[in-house]
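All values derive from a computational prediction rather than experimental measurement. Note that the numbering runs from 1 along the sequence shown for the chain.
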Amino acid sequence: MTKYQQIELAIKDAVSAARVLIPIDTGNLRYNSFKIEPLGNMRWKVFIDDKVAPYAPYVNESWISLKWNGKQNPNEGFWKKVFEFIANQISSATNGQIKWS
């Protein structure tokens with residue numbers, strides 16, 4: 001297995017495992033919008049496709065609408081947890097370091 005294949009497999013495995021950390025209502029955010037895109041030069045983009053789930057920021061951020069009567073969003077900050085999990089999984093699987101950009 002090449003280094004590229006090793007890293008790609010580690011990313012796919014980490015993203016698959018991280019799906020359980022993504023809030024679920026209909027499953028669209030967790031299963032349809034969470035994607036991996038190869039960028040070349042040993043780089044990949046892991047992201048939520050806002051065309052598939054344009055509401056994703058509202059799931060991740062603080063609730064400010066009066067509708068919520070000052071309640072805290074139980075999913076607030078989930079995206080950071082997902083990426084930290086993915087970074088740790090990939091780093092562990094490849095004995096490497098993660099560079100954030």
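Distance OG1/T94 to CD1/I7: 6.0 Å, rounded to 0.5 Å. Atom CD1 of I22 is separated from atom NZ of K81 by 13.0 Å, given to the nearest 0.5 angstrom. Interatomic distance, I11 CD1 to Q6 CD, rounded to the nearest 0.5 Å: 11.0 Å. To the nearest 0.5 angstrom, W63 atom CH2 is 10.5 Å from N69 atom CG. In this structure, CD1 in I36 is found 10.0 Å from CH2 in W44, a value given to the nearest 0.5 Å.
Of all the heavy atoms in V82 and A18, the pair that sits closest is CG1-CB, 4.1 Å. I90 and A10 make their closest contact through CG1-O, 3.9 Å (heavy atoms, listed as atom of the first residue, atom of the second, distance). Here the closest non-hydrogen pair linking Y4 and P38 is OH-CB, 3.9 Å.
Because its NZ or CZ atom is both nearer than 6.0 Å to the ring centre of F47 and within 45° of the ring axis, K45 counts as a cation-pi partner of that residue.
Each of V52, I48, L29 was scored for a side chain to side chain contact (heavy atoms under 4.5 Å, CB included) with F34, with one residue passing: I48.
The salt bridge (charged side-chain N to carboxylate O under 4.0 Å, His left out) search around K80 returns E84, not counting sequence neighbours. The salt bridge (charged side-chain N to carboxylate O under 4.0 Å, His left out) test applied to D13 returns no partner, not counting sequence neighbours.
Pairs engaging residues 50-64 under the salt bridge (Lys or Arg N to Asp or Glu O under 4.0 Å) rule: none recorded [sequence neighbours left out]. For residues 70-79, the set of pairs meeting the side chain to side chain donor-acceptor pair (under 3.5 Å) definition, not counting sequence neighbours, comprises S62-E76. Pairs of residues two or more places apart, or lying in two chains, that qualify as salt bridge (Lys or Arg N to Asp or Glu O under 4.0 Å) and include a residue from residues 28-39 are K35-D49.
No hydrogens or angles considered: a donor-acceptor pair under 3.5 Å links the side chains of Q5 and T2.
The 12-atom threshold is not exceeded at CD1 of I64, counting heavy atoms of other residues, nucleotides or ligands nearer than 6.0 Å.
Alongside Y31, the hydrophobic cluster contains I24 (criterion: ILVMFWY side chains under 4.5 Å).
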**Asked** F78 and V59: side-chain contact (heavy atoms from CB on, under 4.5 Å), yes or no, with the steps?
**Response** CA-CA 8 Å; F78 85 88; V59 177; 3.8 Å; yes
